[in-house]
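To start, the structure under review is shown below, and the notes come after it.
Everything numeric in this text was worked out from a predicted model, so none of it was measured. Only this structure's heavy atoms are used, side chains among them; waters, hydrogens and symmetry mates stay out.
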Amino acid sequence: MNDQIISHKAYARIGLLGNPSDVYYGNTISISITNFWASVDLEPSDHLLVKPHHYHDLVQFQSLHHMVDRLENEGFYGGVRLLMAICKVFYRYCKKHNIDLHERNFTLSYDTNIPRQFSSIYSRLSGSSAIACAALNCMLDFYQVRHLVKVEERPNLILDSEKELGIVAGLQDRVAQVYGGLVFMDFSKNHMDKLGHGIYTPMDISLLPPLYLIYAENPSDSGKVHSTVRKRWLEGDEFIRSTMNEVANLAVEGRQALLEKDYEKLATLMNHNFDLRRSMFGDDALGDINIKMVEVAREVGAASKFTGSGGAVVTFCHGGPQQVELLQEACQKAGFIMQPVQVASPNLNDLDFGSSHST
């Protein structure tokens, strides 16, 4: 097994309900989607090598203008730093937990089709964490330690690798990518303090109605997404605290609505989730183009909310096929891309779940 190339994919995720309460001891429901992905290949080699991507890790440019233009649009960093960071965090975790690793080396390489507007430090469709998640899965197999690294702790490893690089995010994306499919997440303070992670409950993906993704190909105004909400929450702002609790409760209600296939209720909850976020963050923080995507959907009667912190919108056309057609026309007119959400199957097998119960 260790003489062969090991390949893993990790998918983008949609926050269906409850976001952004995952970083405020709340609850969320998230979906892993195959529309966008990151893949990592691990190949045994004489030396340990992390390969730069031919596009995302450019160090050669046509001119100074080309370099500056690229940096302004894509940022300074590609995926190599993420691969190196997850290697470091994985090694530290294994050392701390007395997990023996063999001495053989490997070469890591990656690819991704997650658009740049979904790969910001706020992980709108979780581009950075997808690379780290796929790499972690490769190393679990290469070192044959999948049964020794608890499933519930893997999202923390991915988040820790991003923290090494100054990336600001919560656990929601990483949980969705580790588990795959549809997951209800409980991040209550009691669980986080006692366990170091939340309680994550996979749900049957057949409970989901058809959903659609809306995004702008070249967003120009994504807003200052996190604004001062975090600061106000830490300071005990009563409005922020109570509203964030209300957002968290939407995921609890949404879980029951999905189990009962009460899709009218689901639509109401999705709309309310966005309205509550808007009341806390304000329009300037959310950004004009992000608000416009939500409004385009609502103008035809569809339910809509951010997939994460902005950059893309998840929409539910509870009015049926005619409403889908109207939304497609509205998106085309507004210059937005619309596509059906393709839900990923759950990722985990018996060996993975065995690790959850190991001591």
Might you point out which heavy atoms bring [X] and [Y] nearest each other, and give the distance in Å?
| X | Y | value |
| --- | --- | --- |
| Trp37 | Thr112 | O-OG1, 3.0 Å |
| Ser39 | Lys9 | CB-CG, 3.7 Å |
| Ala135 | Leu83 | CB-CD2, 3.7 Å |
| Pro340 | Asn35 | O-ND2, 2.8 Å |
| Ile29 | Gly254 | CD1-C, 3.8 Å |
| Thr243 | Phe239 | OG1-O, 2.7 Å |

For residues [X] and [Y], determine if any side-chain heavy atom of one lies less than 4.5 Å from a side-chain heavy atom of the other.
| X | Y | value |
| --- | --- | --- |
| Cys87 | Met139 | yes |
| Leu101 | Val145 | yes |
| Arg255 | Leu259 | yes |
| Asp46 | Asn105 | no |
| Arg278 | Ile291 | yes |
| Tyr212 | Gln339 | no |
| Ile5 | Glu43 | yes |
| Val296 | Val313 | no |

Roughly how far apart are [X] [atom1] and [Y] [atom2], rounded to 0.5 Å?
| X | Y | atom1 | atom2 | answer |
| --- | --- | --- | --- | --- |
| Leu82 | Cys133 | CG | SG | 12.0 Å |
| Glu329 | Glu325 | CD | CD | 7.0 Å |
| Ile14 | Leu182 | CD1 | CG | 11.0 Å |
| Leu208 | Phe316 | CG | CZ | 10.0 Å |
| Ser32 | Tyr179 | OG | OH | 13.5 Å |
| Asp160 | Leu165 | CG | CG | 11.5 Å |

Decide whether a cation-pi geometry holds between Arg230 and Tyr24; the criteria are a distance under 6.0 Å from NZ or CZ to the six-membered ring centre and an angle within 45° of the ring axis.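 Arg230 over Tyr24 ring: yes.
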
With a 3.5 Å distance limit and no angle check, can you tell me whether [X] reaches the backbone of [Y] through a side-chain donor-acceptor pair?
| X | Y | answer |
| --- | --- | --- |
| Asp352 | Asn349 | yes |
| Asn156 | Gly196 | yes |
| Arg146 | Asn137 | yes |
| His47 | Leu49 | no |
| Arg13 | Ile33 | no |
| Asn290 | Gly311 | yes |
| Asn347 | Gln177 | yes |
| Gln328 | Met338 | no |
| Gln323 | His318 | yes |
| Ser304 | Val294 | yes |

Taking NZ, NE, NH1 and NH2 as the nitrogens, is one of them in Arg174 or Glu162 under 4.0 Å from a carboxylate oxygen of the other? yes

Salt bridge or not between Asp275 and Arg298? Use side-chain N to carboxylate O under 4.0 Å.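 Yes, charged N to carboxylate O under 4.0 Å.
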
Would one find more than 12 heavy atoms of other residues, nucleotides or ligands at under 6.0 Å from atom [atom1] of [X]?
| X | atom1 | answer |
| --- | --- | --- |
| Arg92 | CZ | no |
| Gln342 | CD | yes |
| Met203 | CE | yes |
| Asp193 | CG | yes |
| Glu235 | CD | yes |

Using the rule given for side-chain contact (heavy atoms from CB on, under 4.5 Å), can you reason through Val229 versus Met244, listing the C-alpha separation, both sets of side-chain angles and the distance that settles it, and then say yes or no? CA-CA 10 Å; Val229 169; Met244 197 64 74; 4.0 Å; yes

With sequence neighbours excluded, tell me which residues meet salt bridge (Lys or Arg N to Asp or Glu O under 4.0 Å) with Lys51. none

Are Phe306 and Phe281 an aromatic pair, judged by ring center distance below 6.0 Å?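 Judged by ring-centre distance (under 6.0 Å), Phe281 and Phe306 do not meet the cut-off.
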
Less than 6.0 angstrom separating the ring centers of His191 and Tyr25, yes or no? no

Test log, rule side-chain contact (heavy atoms from CB on, under 4.5 Å), inputs Tyr93 and Ile99: CA-CA 8 Å; Tyr93 177 91; Ile99 298 172; 4.0 Å; yes

Taking a hydrophobic cluster as the set of Ile, Leu, Val, Met, Phe, Trp and Tyr residues connected by side-chain heavy atoms closer than 4.5 Å, whether directly or through intermediates, do [X] and [Y] fall within one such cluster?
| X | Y | value |
| --- | --- | --- |
| Ile199 | Phe187 | no |
| Leu195 | Met192 | no |
| Tyr91 | Ile6 | yes |
| Met280 | Leu234 | yes |
| Leu157 | Leu348 | yes |

Give a yes-or-no answer on whether the side chains of [X] and [Y] include a donor-acceptor pair shorter than 3.5 Å.
| X | Y | result |
| --- | --- | --- |
| Ser206 | Asp204 | yes |
| Ser7 | Asp41 | yes |
| His272 | Glu246 | yes |
| Gln172 | Asn19 | no |

Begin from the C-alpha positions of Val175 and Asp22 and carry the test side-chain contact (heavy atoms from CB on, under 4.5 Å) through to its verdict. CA-CA 11 Å; Val175 174; Asp22 57 313; over 6 Å; no

Angle between ring planes, Tyr110 versus His53, binned at 30° and 60°: parallel, tilted or perpendicular?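 Tyr110 and His53: tilted rings.
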
Go through the steps for Val149 and Tyr143 under the test side-chain contact (heavy atoms from CB on, under 4.5 Å), then give the verdict. CA-CA 11 Å; Val149 181; Tyr143 289 104; over 6 Å; no

Positive for side chain to side chain contact (heavy atoms under 4.5 Å, CB included) with Leu17, one of Thr28, Val314, Leu266: Leu266

Working note: Phe142 + Phe90, criterion ring pair (Phe, Tyr, Trp, His ring centres under 6.0 Å); need CA distance, chi angles, decisive distance, verdict. CA-CA 12 Å; Phe142 180 68; Phe90 171 75; 9.7 Å; no

Tell me every residue that passes ring pair (Phe, Tyr, Trp, His ring centres under 6.0 Å) with Tyr263, counting only those two or more places apart in sequence or in another chain. none

